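Treat the numbers as computed from the prediction; the structure is a model and nothing was measured. In what follows, chains carry the letters A, B, and so on, assigned in the order in which the sequence lines appear, proteins first and then strands, with residues in each chain numbered from 1.
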Amino acid sequence: MAFTLYSLIQAAILCINAVAVLHEERFLSKIGWGVDQSVGGFGDEPGIKVQLMNLIRSVRTVMRGACFFLLRIFSHLTVSG
Amino acid sequence: MEYTAAQSGFRQQHNMRLRNSSMDGSDGSQLFDDTSATGPGAQGVYRNQQADPQAAGLPGQSLLSDPMSNLAMAYGSSLASQGREMVDKNLDRFIPISKLKYYFAVDTVYVGKKLGILVFPYMHQNWEVSYQQDIPVAPRFDVNAPDLYIPTMGFITYILVAGLALGTQNRFSPELLGVQASSALVWLIMEVLAVLLSLYLVTVNTDLTTIDLLAFSGYKYVGMILGVVAGLLFGKLAYYLSLLWCCAAIFVFMIRTLRLKLLSEAAAEGKLVRGARNQLRMYLTMSIAAAQPVFMYWLTYHLVR
């Protein structure tokens, strides 16, 4: 498989986009991955599922903040090229 | 610093342009005047009067008696040092240069011992990294410390050996070298990112930095090179045998190194510790170590046909 750095960047952008569009109410709560269901893991053992949910939420927050415009512009430039 | 005559001439014109544009921009002919010895006397006097108050504070350079060259050299050197400071400051923000220097503080004895451990880790007894007041000791003094010299050299050698192997199959072209290089680099980056992600998910409290992970992932290039060279010299059977040996060696090496870093104290000493978290850490260590042989095979099987 001949990968290039360019394809890696493209794949990374698409993956981040995919994680960011997981909707909180419509989808994640239905399968029990909403952030309101993660409270309660006090102590020093958060567990993988809680970490994953936190990760998804933080990716979504970052994407909706500053990275939104950056990545949109970047993906327009790269995916079309 | 040395400035050729042409360069100092350019800087003198640049100087003149700056000062003239600030004072009087109407005299266009002075900008392109030749500042060699045949300049007209009036303009030479004008320049000297301007240059002297500034040349008085410069360190005396007895080589060049012309104050214009003094001024130009001082200006040029201050410009260069400012530029270098700016580059250093900005570069240090993105790539921690001082931390990188630690990983390249190696010497021949260390490299020899480390290569020996990478190929034959079964006799090595003490795998702990020694510290010196909370700072890990430089690789020169501790054979267990990770370094970046061997991975970098291994990566470059791998690309060259891949080019050689492709050449023996009459499939070589110079672009393929770049393709191989970027492909291997991409797999390396993906592996480091995957390990970082899994370390985050399992919430391991470890002092493994990203560069450490890069170093550990780069150690497999040594085994890959040995496998491909054996395959080129002695045929496919030798390739498979030496690759098998190097895969086993890297597997044991990674497990023994990561065990001390990832697992808790009790588990690292070999006692069976119950608990979901320790089990998860054990699985993580095993999977990181098991990914190395997979990558080693994946990146070299197309080179030996």
Original post:
Pairs in or reaching into residues 184-198 of chain B: which pass salt bridge (Lys or Arg N to Asp or Glu O under 4.0 Å), with residues at least two apart or in two chains?
Top reply: Glu191(B)-Lys220(B)

Original post:
Under the salt bridge (Lys or Arg N to Asp or Glu O under 4.0 Å) rule, what pairs show up with a residue in residues 7-22 of chain A, not counting sequence neighbours?
Top reply: none

**OP:** Write out, in numerical order, the residues from residues 194-201 of chain B with a heavy atom short of 4.5 Å from a heavy atom in chain A.
**Re:** Leu197(B), Tyr200(B), Leu201(B)

Original post:
In terms of the angle between their ring planes, are Tyr301(B) and Tyr297(B) parallel, tilted or perpendicular, with boundaries placed at 30° and 60°?
Top reply: parallel

Original post:
Taking the inter-plane angle between the rings of Tyr221(B) and Tyr158(B) on a 0 to 90° scale, is it parallel (under 30°), tilted (30 to 60°) or perpendicular (over 60°)?
Top reply: tilted

Original post:
Residues two or more places apart in sequence or in another chain: which of them pass side-chain contact (heavy atoms from CB on, under 4.5 Å) with Ile189(B)?
Top reply: Leu5(A), Leu8(A), Leu185(B), Leu193(B)

Original post:
Is the closest side-chain donor-acceptor distance between His302(B) and Gln169(B) under 3.5 Å?
Top reply: no

